[in-house]
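In listed order, ligands and their atoms are each counted from 1.
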Amino acid sequence: MTISPRPDRPLRLGTRGSPLALTQARMVIAALRDAHGWGEGAIEIVEIKTSGDRIQDRKLAEVGGKALWTKELDRALTAGEIDFAVHSMKDVETIRPAEIAIAAMLERADVRDRLIGVESIANLPQGARVGTSSPRRSAQILRARPDAAIVLFRGNVDTRLRKLTDGEADATLLAAAGLDRLGRDDVGHVVRVDEMLPAPAQGAVGIETLADNAEMRALLAAIDHAPTHVCVSAERALLAALGGDCRSPIAALAIESGGGIHLRAEILTEDGREHVADDAMLRVEEAEADAHALATRLLDRASPALRSLFAGPLATEQ
Ligand SMILES: NCc1[nH]cc(CCC(=O)O)c1CC(=O)O
């Protein structure tokens, strides 16, 4: 443990106010205090309500996508109201404003989804209602079970679990990472990644600060988990190349392997009828270019209808 000089005032960590967001903020504070030998009170939490928290009755895709989770925190960073911000990387837009830097990521947790309400996808009753608001989960479920009916489920983890108990659906899917962090490790049954590839960046917590705040960046570098950062960046590079937004069902998972990065990816139509999957070994130094090449291969094999879901540089090239 290195003892870094404690800042002359508490550092302000901006976060959303959901139970999961607050838990993740406390994880970041614990990691920083531990890395720098700071006592209690070195960091304070600033809760920021985002539009994503306010709007609960519509799909994110209809109301502006991932920017809903980041916009207000970005504004607070730029306005100097907070020194750094914590996010689920899965909710962070692919293209960030130039003045904001992803300075660190905590070690990634379980990347898988858990199925709640029934033991496995095969065990879903005929015509089962599956609650989700994720185009990826909808598409993957419908691909495996065209008889299923998707029901819109939004709200935080507890709200979704309550909707299930209230009988609004027969099953739902949630990220294992979120459930585990909330102490709900007893809930649901993990779905293998070969059965359901997770969302890009699922299970990773990221910390952002202003790109020109060298002091804050150095403090955050001490808690960066490099393998997570490398893998999540590769998944985000693929997303950027595809130009996927929250209406485009995309799954991706990168894992370090034999000195390189193994990236698996899948794109689907939301009804699950069309599906293209592929994988590649990326060179660590050229991960972005190699992820781009994988995106090209996926789009080359997609029908015009599937390709039209993507707005990226590659999709518009053809
Ligand atoms: N979109 C909501 C969201 N963002 C991050 C998580 C879970 C935690 C994570 O993936 O890191 C969740 C809930 C879920 O999908 O179950």
Side-chain angles (χ1 to χ4, degrees), residues 15-28 50-56 58-70 73 85-94 102 104-117 130-141 150 152-164 169 171-185 187-191 193 196-208 225 228-229 231-232 235-236 239 244-254:
T15 176
R16 294 173 46 209
S18 73
L20 179 58
L22 288 171
T23 302
Q24 293 178 167
R26 287 186 207 107
M27 288 165 53
V28 169
T50 66
S51 339
D53 297 308
R54 279 192 290 265
I55 306 167
Q56 291 290 332
R58 281 170 287 165
K59 282 200 200 186
L60 289 188
E62 289 163 17
V63 284
K66 291 183 175 179
L68 289 176
W69 308 116
T70 49
L73 283 157
V86 56
H87 297 282
S88 289
M89 281 308 303
K90 189 168 79 166
D91 299 329
V92 175
E93 296 160 274
T94 318
I102 300 168
M105 290 184 206
L106 300 185
E107 183 170 3
R108 194 173 210 179
D110 193 336
V111 297
R112 295 172 295 184
D113 279 330
R114 285 222 291 266
L115 182 65
I116 306 143
V130 179
T132 183
S133 59
S134 147
R136 170 189 63 90
R137 290 177 177 141
S138 306
Q140 289 171 326
I141 287 293
I150 303 298
L152 179 64
F153 252 32
R154 279 211 49 214
N156 64 37
V157 170
D158 283 317
T159 311
R160 295 189 204 194
L161 291 175
R162 183 165 32 77
K163 286 184 179 185
L164 188 64
T172 188
L173 289 146
L174 286 167
L179 289 167
D180 291 347
R181 289 186 187 126
L182 289 169
R184 312 296 293 262
D185 37 313
V187 169
H189 307 269
V190 288
V191 186
V193 295
M196 228 173 139
L197 199 64
Q202 185 155 304
V205 171
I207 306 141
E208 293 192 324
H225 187 257
T228 297
H229 207 137
C231 290
V232 170
E235 293 160 15
R236 287 171 57 78
L239 259 186
D245 62 19
C246 47
R247 276 164 308 202
S248 351
I250 302 177
L253 179 62

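- Below 4.0 Å from some heavy atom of Gln202 lie the following atoms of ligand 1, by number and element: 10 (O).
- Atom CG of Asp185 and atom CG of Asp110 lie 11.0 Å apart (nearest 0.5 Å).
- Considering each of Lys90, Gln24, His87, Arg160, the one bringing a non-hydrogen atom nearest atom 15 (O) of ligand 1 is Lys90.
- Scanning Gly155, Gly206, Ala175, Ala109 for the heavy atom closest to atom 7 (C) of ligand 1 points to Ala175.
- If you number the atoms of ligand 1 from 1 as listed, the ones under 4.0 Å from a heavy atom of Ala204 come out as 11 (O).
- With a heavy-atom cut-off of 4.0 Å, Arg137 touches ligand 1 through its side chain alone.
- Atom numbering of ligand 1 starts at 1 in the shown order; those under 4.0 Å from a heavy atom of Leu174 are 16 (O).
- Listed by number with element, the atoms of ligand 1 under 4.0 Å from a non-hydrogen atom of Arg181 are 11 (O).
- Taking every heavy atom of Gly203 and a limit of under 4.0 angstrom, the matching atoms of ligand 1 come to 9 (C), 10 (O), 11 (O).
- The CZ atom of Arg16 sits 9.5 Å away from atom CG of Leu22, with the distance rounded to the nearest 0.5 Å.
- Considering only heavy atoms from C-beta on, Ile141 stays 4.5 Å or farther from Thr132 through its side chain.
- Annotation: side chain of Arg184 is in contact with side chain of Leu161 (closest heavy-atom distance under 4.5 Å).
- The residue from His225, Arg108, Arg181 that alone fulfils the side-chain contact (heavy atoms from CB on, under 4.5 Å) condition with Val205 is Arg181.
- Taking 4.0 Å as the cut-off between side-chain N and carboxylate O, Asp180 and Arg112 do not count as a salt-bridged pair.
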